[in-house]
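Both ligands and their constituent atoms are indexed starting at 1 by order of listing. Keep in mind that what you see is a predicted model, and the values were worked out from it rather than measured.
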Amino acid sequence: MPPRTPLPPYRRLPLLITADGDLLDELLRLAAAGGTEVELAADPAAARARWTPAPLVLVGADQAQACLRARLPRRPRTVLVGRSGQLDPGTEVAELIGAEHVATLPAAEPWLVDRFAECAGELPGGGPARVVAVLGGRGGAGASVLAGGLAVTAARARLRTLLVDADPLGGGLDLVLGWEQLEGLRWPGLTGTDGRVDPPSLVRALPSRGDLVVLSWDRGALRHLPAEAMAATVDAARRGRDVVVLDLPRHLDDAAVVALQAADRALIVVPAELRATAAAARVVAVAAPHCADLAVVVRGPAPGRLRASEVARALGLPLAGTLRPEPGLCRGLERGEAPAATGKGPLAVLCQRLLDGMADAPAAGAA
Ligand SMILES: Nc1ncnc2c1ncn2[C@@H]1O[C@H](COP(=O)(O)OP(=O)(O)OP(=O)(O)O)[C@@H](O)[C@H]1O
Ligand SMILES: [Mg+2]
């Protein structure tokens with residue numbers, strides 16, 4: 001696994017104070033279930049600098065007396081946590097260290113997962129996430145592969161990523177990743193609910209590997225995707241993830257328009273061919289009013305030697321990047337290998353550059 005992209009300086013993580021290995025393992029498991037990382041301190045001395053800024057502090061029962069002696073200042077969202085039997089007389093100590101709650105394991109596990117999940121939703125970089133939409137200038141342009149590549153590249157950099165398949169006719173984006181066997185909810189299951197989507201339960205319900213979570217179609221009967229479901233999903237993802245990648249259909253339905261409007265940036269993939277450019281002009285005309293930052297990615301080969309800059313100029317859009325032909329990628333896709341998974345090759349390099357470019361720009365939701 002490559003090193004994690006440096007966290008933004010404002011990213012604050014929940015703080016766990018314990019030297020009890022078993023309790024620590026338990027809490028790390030719950031934090032992972034809640035979708036957040038944590039900071040660790042074995043004792044109050046190690047915790048002092050992070051005590052006040054942490055969005056949530058869990059004091060292990062083994063460190064309660066030490067925290068009391070350390071006279072750490074009172075702060076909101078402090079929890080005393082331990083296994084049953086460890087916490088007598090927990091309430092008294094809790095009061096003395098200023099803890100609002102006493103969490104007794106295992107009974108308090110679900111409650112703690114929710115507290116961790118709240119923190120995950122509040123984390124900058126997870127809220128608001130960068131949202132990038134990808135669409136093809138013509139059929140088979142390479143939009144879904146670019147969307148998959150962007151999501152895989154972001155997750156390789158250990159950014160919490162959601163890849164959303166917004167194309168009901170696309171055949172399922174899970175197939176692009178080779179994930180069709182992975183368990184988890186797909187759109188038809190999600191839209192069956194009342195439309196409300198909260199970030200932690202969304203992330204827990206979807207197929208995932210490492211930092212990448214995918215919301216795709218299944219191979220069942222074609223279903224209409226309500227715009228409300230898309231709006232709720234993107235809203236939840238913006239609060240709960242670092243990066244959201246939306247793979248949009250060329251024929252924008254209501255859900256795709258909502259997704260495009262939510263995107264900080266949209267990329268239109270156009271093969272370097274005359275007719276593809278003409279087709280892309282039609283797509284641009286429909287998409288441009290819904291996204292202030294629309295740019296073109298030109299994919300080779302260029303049988304008529306059409307240059308990427310000419311394609312971009314013809315479309316009246318900035319050129320975000322180019323893709324050289326990558327025959328090995330097609331073979332890999334057929335074998336179920338995710339695009340850009342090795343971090344090498346033209347697609348992986350472009351994806352990294354596009355994500356770097358987005359990291360420098362302010363997210364719309366940050367306004
Ligand atoms: N960067 C690439 N390098 C080589 N081949 C690619 C690349 N991107 C896509 N392809 C090939 O083109 C095919 C179509 O790609 P993809 O499904 O991404 O296009 P699309 O624009 O999403 O199409 P659709 O109109 O179905 O949504 C892929 O199956 C793959 O064979
Ligand atoms: Mg597609």
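- Counting only distance, with no hydrogens or angles, the side chain of Arg223 and the backbone of Leu225 share no donor-acceptor pair below 3.5 Å.
- Counting protein heavy atoms only, atom 27 (O) of ligand 1 is closest to Asp167 OD2, 3.7 Å.
- Cation-pi geometry between Arg219 and Trp217 is not met at under 6.0 angstrom from the ring centre and within 45 degrees of the axis.
- Looking at ligand 1, you'll find an N or O of Ala143 within less than 3.5 Å of one of its N or O atoms.
- Using modelled atom types, no side-chain atom of Arg83 and backbone atom of Ala61 make a donor-acceptor pair closer than 3.5 Å.
- The ligand atoms of ligand 1 that sit less than 4.0 angstrom from a heavy atom of Gly139 are 25 (O).
- Between Glu334 and Arg331 there is no salt bridge, since no side-chain nitrogen of the basic residue lies less than 4.0 Å from a carboxylate oxygen of the acidic one.
- The atoms of ligand 1 that sit less than 4.0 Å from any heavy atom of Ser144 are 17 (O), 18 (O), 20 (P), 22 (O).
- If you number the atoms of ligand 1 from 1 as listed, the ones under 4.0 Å from a heavy atom of Leu329 come out as 1 (N), 2 (C), 3 (N), 4 (C), 7 (C).
- In this structure, atom 25 (O) of ligand 1 lies nearest to the protein heavy atom Gly140 N, 3.0 Å.
- Regarding atom 5 (N) of ligand 1, its nearest protein heavy-atom neighbour is Cys330 SG, 3.1 Å.
- Looking from atom 16 (P) of ligand 1 to the surrounding protein, the closest heavy atom is Gly142 CA, 3.7 Å.
- Both the backbone and the side chain of Val145 come within 4.0 Å of ligand 1, judged by heavy-atom distances.
- Taking a 6.0 Å sphere around CZ of Arg29, one finds it holds more than 12 heavy atoms contributed by other residues, nucleotides or ligands.
- Other residues, nucleotides and ligands contribute more than 12 heavy atoms inside 6.0 Å of the CG atom of Asp218.
- At least one side-chain heavy atom of Glu109 sits under 4.5 Å from a side-chain heavy atom of Glu26.
- At the shortest separation from atom 12 (O) of ligand 1 among protein heavy atoms lies Arg299 NH2, 3.5 Å.
- The protein heavy atom nearest to atom 29 (O) of ligand 1 is Leu333 CD1, 4.5 Å.
- With respect to the salt-bridge test (charged N to carboxylate O, under 4.0 angstrom), the residues Glu310 and Arg313 do not qualify.
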